[in-house]
Amino acid sequence: MASRGQWVAVGVIVAVLAAAVAAGMALSPELRPVRPGSDAPGFEALDVASGETVSLSNYDGQIVLLNLWATWCLPCEREMPSMQRLHEQLGPVGLKVVAVSLDATGPEKVLAWVRDRELTFDVLHNREGRLERVYQTTGLPESFVIDRDGVIVKKEIGAREWDSPSQLAFFRRLLAQERTSPH
């Protein structure tokens, strides 16, 4: 039978381990849950059209539909036309559609795919896989709507009709809102 001292030692070890896990989660953004209500994790990716490196901070103060996808993903391809129509309707009033390809191939292949489909919204490329870890994706496509304050307000797993009446109403409401925090 264990003595009281042994149980105290076990309790101390468990407390130290719990504190270490909590500290690790606090210090590592990759361990924080990415969900509605949380700050959108920052990232850098290559703009396939310009060849420039772009970061999420380039879109500060804007409403962003951040879509993570790949050229080999059939559901991703199916939703792209609705993203293009959403961009055409609400881009002029401030919505930024940003699709980040997670393809392991080079940006030239992604750019050719985009041009073949005549997509005109921002298409970025991140082949290192960091974005998948940071945004804790479970599959593709996966999308995040980010408000003007950089907070995720919606997360969608799977393909969507982004220009449906309900989606358009949702984005129009967001576009009508002002920033709530000074950045």
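Residue numbers count from 1 along this sequence. The figures that follow rest on heavy atoms only: side chains count, while hydrogens, waters and symmetry mates do not.
Among residue pairs with one or both ends in residues 99-119, those qualifying as salt bridge (Lys or Arg N to Asp or Glu O under 4.0 Å) are Glu77-Arg117; sequence neighbours excluded. Pairs passing the salt bridge (Lys or Arg N to Asp or Glu O under 4.0 Å) check and including a residue from residues 157-169, sequence neighbours excluded, read Arg85-Glu161, Arg85-Asp163, Glu156-Arg160. For the ring pair (Phe, Tyr, Trp, His ring centres under 6.0 Å) condition, the pairs that include at least one residue of residues 32-71, sequence neighbours left out, are Trp69-Trp113.
Among residues two or more places apart in sequence or in another chain, the side chain to side chain donor-acceptor pair (under 3.5 Å) test is passed with Ser55 by Ser57, Asn58. Glu88 pairs by the salt bridge (charged side-chain N to carboxylate O under 4.0 Å, His left out) definition with nothing, not counting sequence neighbours. Applying the side chain to side chain contact (heavy atoms under 4.5 Å, CB included) rule to Ser50 yields the partners Asp47, Glu52; only residues at least two apart in sequence or on another chain are considered. Residues that satisfy the side chain to side chain contact (heavy atoms under 4.5 Å, CB included) test with Ile157, not counting sequence neighbours, are Thr138, Glu142, Lys155. Under the ring pair (Phe, Tyr, Trp, His ring centres under 6.0 Å) criterion, Phe171 pairs with no residue at all, not counting sequence neighbours. Tyr135 pairs by the ring pair (Phe, Tyr, Trp, His ring centres under 6.0 Å) definition with Phe144, not counting sequence neighbours. By the ring pair (Phe, Tyr, Trp, His ring centres under 6.0 Å) test, Trp162 is found to be paired with no residue, residues two or more places apart in sequence or in another chain being considered. With sequence neighbours left out, the side chain to side chain contact (heavy atoms under 4.5 Å, CB included) criterion links Ala159 to Pro75, Glu79, Pro141. Partners of Val153 by side chain to side chain contact (heavy atoms under 4.5 Å, CB included), not counting sequence neighbours, listed by chain and number: Val145, Asp147, Phe170, Leu174.
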